[in-house]
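Taking it in order: structure first as structure tokens, then the write-up.
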2 protein chains.
Amino acid sequence: MPMTTPVTGTLNGRDDEARAEQVYQLVLEGIVAGEYAQGTRLRERELSELYSVSRIPVREAIQRLEQDGFVETFPRRGAVVRRLSLSDVNDLFDVRLCLETFAARMAAVQVAQGAPGESLQELLDAGRQAIDDGRTDDVVRLSAAFHAEIVRLSGNRLLIESVKPLFGRMRWIFGLAHNRSNELQRDEHVELCKAILGGHAELAYSLAYSHIELGREPVLRGLAGTLEP
Amino acid sequence: MPMTTPVTGTLNGRDDEARAEQVYQLVLEGIVAGEYAQGTRLRERELSELYSVSRIPVREAIQRLEQDGFVETFPRRGAVVRRLSLSDVNDLFDVRLCLETFAARMAAVQVAQGAPGESLQELLDAGRQAIDDGRTDDVVRLSAAFHAEIVRLSGNRLLIESVKPLFGRMRWIFGLAHNRSNELQRDEHVELCKAILGGHAELAYSLAYSHIELGREPVLRGLAGTLEP
DNA sequence: AGCCTGAGTTTGGTATACAAAACGTTCCGG
DNA sequence: CCGGAACGTTTTGTATACCAAACTCAGGCT
């Protein structure tokens with residue numbers, strides 16, 4: 001007797017919770033895929049009609065997109081997709097150097113104290129497989145997951161939260177730039193993984209540092225033409 | 001009728017488009033002041049009636065409070081004031097050590113490259129005055145502003161954003177704990193300020209490190225009884 | 001030409017309504 | 001007496017409609 005909603009045709013069959021979450025994901029996909037170019041206005045009514053939801057979920061989604069650094073909103077003038085500048089990219093790499101190296105060190109400490117770290121090795125193996133199979137999308141996804149897993153292993157929940165917006169921006173920026181060789185990256189991941197699982201905190205720290213720093217130049221070159229001053 | 005909220009006197013006049021922001025500030029005040037105890041449910045309707053606004057600004061405020069770490073929301077069950085645990089405090093200090101020491105180093109670099117840093121000295125002087133006058137609230141506020149100014153001087157906008165939620169939590173946690181001597185803190189601030197204005201990056205780094213670390217134990221002691229496991 | 005003005009557009013905000021999920025309470029049967 | 005199902009209540013999540021302020025842009029006035 002609960003429901004069997006017979007005629008609620010407003011939404012396509014997919015009964016789902018969290019309209020706002022869906023709108024967030026859809027718009028985010030649009031941004032990182034370049035469908036919504038930098039500077040594009042995001043009109044609430046437009047999006048609500050496009051996705052067949054009301055304005056409330058759209059507002060919530062836009063609010064989250066702003067907090068995650070994808071859009072900028074101006075009072076009474078709405079939201080536009082953010083324009084990335086050179087300093088945005090450099091700032092991102094600097095903060096990553098700060099937080100992710102700390103995470104790597106702490107992850108090694110945690111593992112040395114008995115925390116389980118197989119998940120890291122598993123992600124690495126899955127990445128190897130994806131490279132061999134030529135599934136480029138999965139390679140990128142698993143590489144990001146590897147970095148996220150290190151942060152998770154650090155055991156610092158605030159750190160996990162603080163890094164989340166960075167990963168969103170990374171996905172965007174790395175998507176715009178053409179990434180450097182997956183093979184080279186993987187070698188660095190392997191070394192880093194070994195250091196963490198071996199509990200070598202300072203080694204993990206410096207490997208993470210150089211791995212992140214090595215990513216900066218290729219990204220800057222890849223974005224050379226498309227960035228604002 | 002849209003009625004102007006009678007919360008504070010400064011509302012009338014050129015005030016607009018700030019309902020959500022005001023609700024955010026008011027609820028935040030309630031939380032850091034201990035009026036809303038940890039675990040208290042925050043009902044949308046309740047708050048909207050209390051502050052004479054509709055539910056939309058309340059929802060927006062709650063969303064921001066969640067992102068800043070003050071409340072936790074559960075799907076279909078609403079928001080409650082977060083319960084602070086021992087590890088929350090330790091996590092906060094660890095991430096502060098990570099980000100604020102980096103900010104201090106970068107601020108020194110920026111100053112060495114010609115960025116203006118008088119604002120830091122001014123905050124220090126204002127703090128001295130506040131201590132001499134016994135204006136404890138101002139002392140705390142200016143101390144926080146000093147830390148924020150260092151981050152601002154780093155010139156890294158992403159860092160500024162990333163640190164913002166930390167400062168919110170700090171205000172909460174430091175408010176619950178009884179702080180250590182303002183005099184001691186000020187001496188450390190003076191040293192740190194000198195290092196930054198002198199452009200001594202590594203000195204600024206290590207001074208910031210020890211200053212932050214010295215704050216941990218007193219806070220943990222001050223909160224000893226009131227924290228969850 | 002330059003400035004002002006007014007219509008259209010868009011956002012920010014409010015009120016109201018309703019469905020669905022969680023919560024509480026009661027009531028029934030074992 | 002107790003466990004669990006049925007029911008009603010509460011609260012969130014969403015939709016819809018509407019209003020006011022402000023920004024945009026075109027056109028008209030001095």
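Naming: A, B, ... by sequence-line order, numbering from 1 per chain.
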B:Arg43 side chain, from C-beta outward: closest of D:dT11, D:dA15, C:dA21:
D:dT11
Residue whose nearest DNA chain C nucleotide is more 5′ - A:Ile56 or B:Arg41
A:Ile56
From the options C:dG12, D:dT24, C:dC23, select the nucleotide whose nearest atom is closest to the side chain of A:Arg77.
D:dT24
Taking only the side-chain heavy atoms of B:Glu44 (C-beta and beyond), determine which of D:dT12, C:dT10, D:dA22 contains the nearest atom.
D:dT12
It should be established whether B:Arg59 places a side-chain nitrogen or oxygen under 4.0 Å from OP1 or OP2 of nucleotide D:dG13.
yes
With rounding to the nearest 0.5 angstrom, report the CG to OG distance, A:Leu123 to A:Ser143.
10.0 Å
Of the listed nucleotides (C:dG13, D:dT12, D:dT14), which one gets closest to any side-chain atom of A:Pro57?
D:dT14
Does any donor-acceptor pair link the side chain of A:Arg55 with the base of C:dG12 at a separation under 3.5 Å?
yes
Quick note, A:Ser54 side chain, CB onward, closest among C:dT10, D:dA15, C:dA22 is D:dA15
Is a side-chain donor or acceptor of B:Gln38 paired with a backbone partner of B:Leu84 at a separation under 3.5 angstrom?
yes
Counting the atoms with a prime plus P, OP1 and OP2 as sugar-phosphate, which does B:Leu42 contact under 4.0 Å by heavy atoms, base, sugar-phosphate, or nothing?
sugar-phosphate
Run the salt-bridge test on A:Arg82 and A:Asp88 with the 4.0 Å N-O cut-off and return the result as yes or no.
yes
Got a sec, which pairs hit ring pair (Phe, Tyr, Trp, His ring centres under 6.0 Å) with one end in residues 144-173 of chain A, sequence neighbours left out?
A:Phe70-A:Trp172, A:Phe146-A:His189, A:His147-A:His189, A:His147-A:His211
